[in-house]
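What follows is one structure encoded as structure tokens, with my remarks underneath.
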Amino acid sequence: MWGAPAEPADSYYQIRPECTDVPNTRFKIKPGKTLSVRKWQAAFTQEGFLDMGKTLNRIQRGGIHPTIRGEVWEFLLGCYDPKSTFEEREQIRQRRRLQYASWKQECKQMFPVIGSGGFITAPVITEKGQPILDPLVLQETNLGENSDFFKELESRGPLDKKVIQWMLTLHQIGLDVNRTDRTLVFYEKKDNLSKLWDILALYAWIDDDVGYCQAGMSDLCSPMIMLLEDEADAFWCFERLMRRLRGNFRSTGRSVGVEAQLTHLASITQIIDPKLHHHLENLGGGDYLFAIRMIMVQFRREFSFCDSLYLWEMMWALEYDPEMYSLYEEPEFEGEKTEGSSKGKPKSIKQCGKYERENMKNGGNSAEGPLPISVFLVASVLKDKSSKLMTEARGLDDVVKILNDITGNLDAKKACSGAMKLHKKYLKKQAKK
């Protein structure tokens, strides 16, 4: 009934002893506020229906106890419908595990390192699909230059364009895996690194639109494999998170999707703090590209690992929409969280997060759908640093330095509270226009 984290709950965010230059963790379990194991289990009926309203209130007050974080995240990210039973969810879980195994086998047939416990950091084929017998690859994969894989690759003839593109990304994923959360004890085990590589490689294969992007996907996926023991469950949790964020990674050749969020950030700052916006424009920062990292990896670099998880669950609880599950399920791999795509009877406002409630009451949606709370979080940070930015920033390098100085000095709950206040203020000013 209850899932288990991939590692003991108090160890998956332990820092390696030699790594001293990392942000301090502020998150603490608060009895009576943090969603505990007992409160979580009590939120289910005998059949398995979940009272999401009470659960969201508890998370917004004090986060989630580490021992149940993974299974709660599955609901927050829309993997499961709170109105489903234990039996129905188990059937969905097993079906998804079979689907993941099928995709993994498909990928393994194309490249046998998938699922082998290894990964690569050097390219294996050229852009024309010809094999590259790189000594590093041969060493990393135990695939000798006379292996069946390379012989078969040479004898296959021209590879499909999608296969070539996918195989060209595999070493890029490996390079990112080698850099992701390496201060954590969890990644001292090569098996955990290869699991992260496998999940990202499979995602790159099934998402024809976005594939893999070296702009933070590994940072977003990393916590999933720590929190969920089963690799398939971790994959689906990551896939659901990408439903929210994949628009940021989408590239058209002329622009990257995240630019839309940066445009919204500029509009919000212009309304909330016009003097700061004007100052940033004068410095050449009117495109707000200095804030791109915060939005792409959802503040992973500005908080300690543990605090970033706390921030994420607070954000997801505030944004929670009870229609998310049905929206994501139909049609498969097509839905993203956009306004106006829900069906059926009106959703219960009591089952929504506070941020979502405000949007429902005040119509806080752009043409593309509701703005994510992360944009208001960045705006809140800029607002807090407004005085320093106005007096000390004489160029974009100064802006970046001032924002980098916040690393390890932000409180997740206060940041969310500040974002909510700005959101309310923004909606009021928008309504007066």
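We use all heavy atoms of the structure for the numbers below, so side chains are in, but hydrogens, waters and symmetry mates are not. Note that the numbering runs from 1 along the sequence shown for the chain.
- Note that CG of Leu311 is 8.0 Å distant from CD of Gln298, once rounded to the nearest 0.5 Å.
- Glu358 has no carboxylate O lying under 4.0 Å from a charged side-chain N of Lys354, or vice versa, which leaves the two without a salt bridge.
- The existence of a salt bridge linking Glu329 and Arg96 is confirmed by a sub-4.0 Å separation between a basic side-chain nitrogen and an acidic carboxylate oxygen.
- The pair Arg244-Glu319 meets the salt-bridge criterion, since a charged nitrogen lies less than 4.0 angstrom from a carboxylate oxygen.
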Kindly indicate, with the supporting measurements, whether the criterion ring pair (Phe, Tyr, Trp, His ring centres under 6.0 Å) is fulfilled by Phe86 and Phe44.
CA-CA 9 Å; Phe86 289 127; Phe44 291 90; 5.5 Å; yes
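- For Arg250 (side chain) and Gly257 (main-chain N/O), no donor-acceptor pair under 3.5 Å exists by modelled atom type.
- Under 3.5 Å, the side chains of Tyr212 and Asp207 contain no donor-acceptor pair of N or O atoms.
- Of the possible donor and acceptor atoms, one in the side chain of Thr126 sits under 3.5 Å from a partner among the backbone N and O of Lys128.
- For Tyr80 and Tyr325, the ring centers are positioned 6.0 Å apart or more.
- Ser380 contributes no side-chain N or O that, together with a main-chain N or O of Phe376, makes up a donor-acceptor pair within less than 3.5 Å.
- Side-chain N or O atoms of Glu313 include none that pairs as donor or acceptor with a backbone N or O of Gly63 at under 3.5 Å.
- Side-chain atoms of Thr169 do not come within 3.5 Å of backbone N or O of Gln172 as any donor-acceptor pair.
- Classification of Arg89 and Glu74 as a salt-bridged pair fails, no side-chain N sitting under 4.0 Å from a carboxylate O.
- One finds the CD1 atom of Ile59 at 4.5 Å from the CG atom of Leu76 (value rounded to the nearest 0.5 Å).
- Within the model, atoms CH2 of Trp73 and CZ of Arg69 stand 6.5 Å from one another, a figure rounded to the nearest 0.5 Å.
- Partners of Phe238 by ring-ring contact (aromatic ring centres under 6.0 Å, His included), not counting sequence neighbours, listed by chain and number: Tyr203.
- A donor-acceptor pair under 3.5 Å links the side-chain atoms of Thr269 to the main chain of Leu265, judged by distance alone.
- Scanning for ring-ring contact (aromatic ring centres under 6.0 Å, His included) contacts around Trp205 gives Trp166, with sequence neighbours left out.
- Other residues, nucleotides and ligands place more than 12 heavy atoms under 6.0 Å from the NZ atom of Lys162.
- Judged by distance alone, the side chain of Glu356 and the main-chain N or O of Gly353 form no donor-acceptor pair under 3.5 Å.
- Val297 and Gly216 get closest at one heavy-atom pair: CG1-CA, 3.4 Å.
- Taking the ring-ring contact (aromatic ring centres under 6.0 Å, His included) definition, one finds that Phe249 meets it with nothing, sequence neighbours left out.
- Looking only at atom types and distance, the side chain of Thr85 has no donor-acceptor partner in the side chain of Glu87 under 3.5 Å away.
- A donor atom on one side chain and an acceptor atom on the other are found under 3.5 Å apart for Glu71 and Trp40.
- No donor-acceptor pair closer than 3.5 Å links the side chain of Ser417 to the backbone N or O of Lys414.
- A donor-acceptor contact closer than 3.5 angstrom is absent between the side chains of Thr263 and Tyr288.
- Arg300 has a carboxylate O that lies under 4.0 Å from a charged side-chain N of Asp181, or vice versa, which qualifies the two as a salt bridge.
- The CD1 atom of Ile164 lies 5.5 Å from the CD1 atom of Ile125; values are rounded to the nearest 0.5 Å.
- Salt bridge present: Glu302 and Arg293 bring a charged side-chain N and a carboxylate O closer than 4.0 Å.
- Using a distance-only test at 3.5 Å, with no hydrogens or angles considered, no donor-acceptor pair links the side chain of Ser374 to the main chain of Ile295.
- The residues Lys195 and Asp198 are annotated as not salt-bridged, no charged nitrogen and carboxylate oxygen being separated by less than 4.0 angstrom.
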